Amino acid sequence: MRVISSHRLSVSTFRYHSSHAAARVDHHPQPISLTTNFTSHLHTKKIARAVVDRSALLHTEKAEALISLIKSTSTKSHLLQIHAHLIRNSLFQHSIFFSPFLFRIALPPFRDLNYAKRVFSNFRKPDYFQYNVMIRAYGMSDSPEIGFQFYQEMLRFGVKPNSLTSSFVTSCCIKIWSLFGGLQIHARILRDGHQSDGRLLTTLMGFYSSKEKYSDACKLFDEMCKRDTIAWNVLISCYMRGKRTRDTLGVFDMMRSANDCQPDEVTCLMLLQACANLNALVFGEGVHRYCEEHGFDKAMNVRNALITMYSRCGCVEDAFEVFKGMAEKDVVSWTAMISGLASNGYGRDAIEAFREMQSAGVSPDDQTFTGVLSACSHSGLLDEGRMFFNSMSEEFGIPPNIHHYGCVVDLMGRAGMVNEAYNLINSMKVKPDATIWRTLLGACRIHRQADLGEQVIEHLIELKAQEAGDYVLLLNIYSSLGDWDKVMNVRKMMKDRGIQTNPACSTIEFGGEIHEFVANDSSHSRKTEIYEMLDEINQQLRMAGYVAEIVSELHNVGVEEKQIALSYHSEKLAIAFGVLSSPPGTSIRVAKDLRICVDCHNFAKMLSAVYNREVVIRDRNRFHHFREGRCSCNDYW
DNA sequence: TTAGGGTTAG
């Protein structure tokens, strides 16, 4: 697409006022004359003074007055009137008027890109600044590709880009899918020697991050000679997007020990999210203190993030403290609290909070209903769940999305209504995703519905979304039914399709670090102590009556082999490490990326009584709070 | 001569 008319640069004696396209714009006002009924006499007088003596204008204070008028005009109509006047006096082709005018018309608050493009395409010989304005303006618009075209044209016409040009065009490339364009710009930055510009490199980091080239972004960060808070924040966001959440925690300490920059509100927001994901309560508390010390905790978004952090770390009481202390609560605050109560097993309180929210005059939105419905599903409140599901569209005009359906499928599945749940999925107006099929597959596993489980797997295959975990669920169904032939079939199917099981992983926070364990892990520096501790715990628990649950978790292997493998599940290793490394009486908090198994659930329940320790396990689906031999979710499910 | 970067909660 051509952006600019090709004849522009060859037209040397262009008479702007007679043929300029902008003069035909619909919104174009009448040209100013001294007799025009101008809305602002002040403006009229200033313009009149400035244009009286054209010959002297370019070098007088009158030109400055006119320029400052262009820069300060608060309404678009005034700006266009000044434009018209400049045209009438043949002044517009001079850069000293054209540049500030273009800047004003193209960028916020006026942002009239069509107008800007027309005046630009009729300008005799745009300089780098004027190109920069256009690239920047289009970079901020819905047509960033035009910004990139301006950049290409600028190079074609031999106008040398500066550091800001690269920054603006990089922003265009972030918005359009152009890895190659960005790489070209990077090469050009190196060629032109602009790599010492920290802000430009920060933008470039954002570019690599947006194209999922996180290691390239980090490399740029390493190459920066000076890093400010924003550069560090971009690094954190790269780690978060690149699933290197654990590395973000170290960045916080590095920033705090740096001399020239400190974590800001944005840093804290991202870190609170990281802590929520990592179940890193101690670290999250540290970020909370830092926010208080710096006054960031006054901000609504930080407080809302704190509610989520505490809830996701299993400390719903602390989440509630933050929530209670908020003078003003918006829909996000309420939803965070409702979801936090729901995932921690306080379904009735979540519903109560939902009612209070309405009394407080805050309207729920779709995410609030996800929280409310998940409260129902986590607490097995089938009737309430159905009631809320119906009322959300009927009373509140919020159509159910895939998450809402997911909660209802979960609710029905847990209640044993697997066929009804299957019918509901088939009747949905939205396309079922892998998650909803997995929810149903989980229900098939609970209720040993092998036939429906097979059908669900077919749907996952259709979506090309089947994972090892799905087949394991199916295996569990067959093995719990003792159907070893089918078990063999599924194993063969997995082998044929090249489906590999990724080891489940459990994490626990200790000493400012996140310690990670997989089953039978031997990588931890304290592995000998951990295994010894686990053996001791097993012995103690067996004396108290713990018997390993071995029916469904493994398949057709010898009983002894099963018992050995079960004893070294990742969550048991993490718990043993917790018993070993934390003082008696304190809570042990473990996060697991998949679902906790029945045996580990029994193990933790028993341990909470025998060792008198609170154990909090966050698995893929929910929290399990174990206290004095009981679990908050009553039983495994 | 002028102008610029990141993140936005559930």
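These numbers were taken from a predicted model, which means no experiment stands behind them.
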How is [X] classified with respect to the nucleic acid when contacts are heavy atoms under 4.0 Å: base, sugar-phosphate, or nothing?
X         : result
Ser163(A) : base
Val133(A) : nothing
Tyr128(A) : base
Met300(A) : base
Thr368(A) : base
Leu200(A) : base
Arg241(A) : sugar-phosphate
Asn162(A) : base

Worksheet entry | Identified salt bridge (Lys or Arg N to Asp or Glu O under 4.0 Å) counterpart of Asp112(A) within the set Arg118(A), Lys76(A), Lys117(A) |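 Testing each of Arg118(A), Lys76(A), Lys117(A) against Asp112(A), the sole residue satisfying salt bridge (Lys or Arg N to Asp or Glu O under 4.0 Å) is Lys76(A).
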Nearest-neighbour nucleotide for the [X] side chain, [options] considered:
X         : options                 : answer
Ala231(A) : dG5(B), dG10(B), dA9(B) : dG5(B)
Thr203(A) : dG5(B), dG4(B), dG10(B) : dG5(B)
Ser167(A) : dT7(B), dG6(B), dG4(B)  : dG4(B)
Thr308(A) : dG10(B), dA9(B), dG6(B) : dG10(B)
Val266(A) : dT7(B), dT2(B), dG4(B)  : dT7(B)
Asp197(A) : dG10(B), dG4(B), dA9(B) : dG4(B)

Fill in: Flag for Ser343(A)-His378(A): side-chain donor and acceptor within less than 3.5 Å
no
Discussion item. Do Arg188(A) and Ser166(A) pair up side chain to side chain, a donor and an acceptor below 3.5 Å, judged on atom types alone?
Written reply: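 No - no donor-acceptor pair under 3.5 Å links their side chains.
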Worksheet item: Is a donor-acceptor pair below 3.5 Å formed from side chain Asn132(A) to base dG4(B), judging by atom type as modelled?
Response: no
Item to complete: Report yes if the ring of Phe129(A) lies under 5.5 Å from the six-membered base ring of dT2(B) with planes under 30°, and no otherwise.
Response: yes
Worksheet item: Taking only side-chain nitrogens and oxygens of Arg104(A), does any of them come within less than 4.0 Å of OP1 or OP2 of dT2(B)?
Response: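 No, no such contact exists.
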Worksheet item: Between dG5(B) and Arg136(A), is there an OP1 or OP2 to side-chain N/O distance shorter than 4.0 Å?
Response: yes
Nearest-Å distance, [atom1] ([X]) to [atom2] ([N])?
X         : N      : atom1 : atom2 : answer
Asp228(A) : dT7(B) : CG    : P     : 14 Å
Met309(A) : dA9(B) : CE    : C1'   : 13 Å
Asn277(A) : dA9(B) : CG    : P     : 13 Å
Phe150(A) : dA3(B) : CZ    : P     : 21 Å
Leu164(A) : dG5(B) : CG    : P     : 9 Å
Gln273(A) : dG6(B) : CD    : C1'   : 14 Å
Ile135(A) : dG5(B) : CD1   : P     : 15 Å
Met255(A) : dG6(B) : CE    : P     : 16 Å

Worksheet item: Do any N or O atoms from the side chain of Gln262(A) and from the backbone of Ala258(A) form a donor-acceptor pair under 3.5 angstrom?
Response: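 Indeed, once roles are kept as given, a pair shorter than 3.5 Å links the two residues.
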Item to complete: Please confirm whether the backbone N or O of Asp127(A) pairs with a side-chain atom of Gln130(A), one donor and one acceptor, at under 3.5 Å?
Response: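 Answer holds: yes.
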Item to complete: Identify the residue among Asn304(A), Val287(A), Asp264(A), Asn301(A) that makes a side-chain contact (heavy atoms from CB on, under 4.5 Å) with Leu269(A).
Response: Asn301(A)
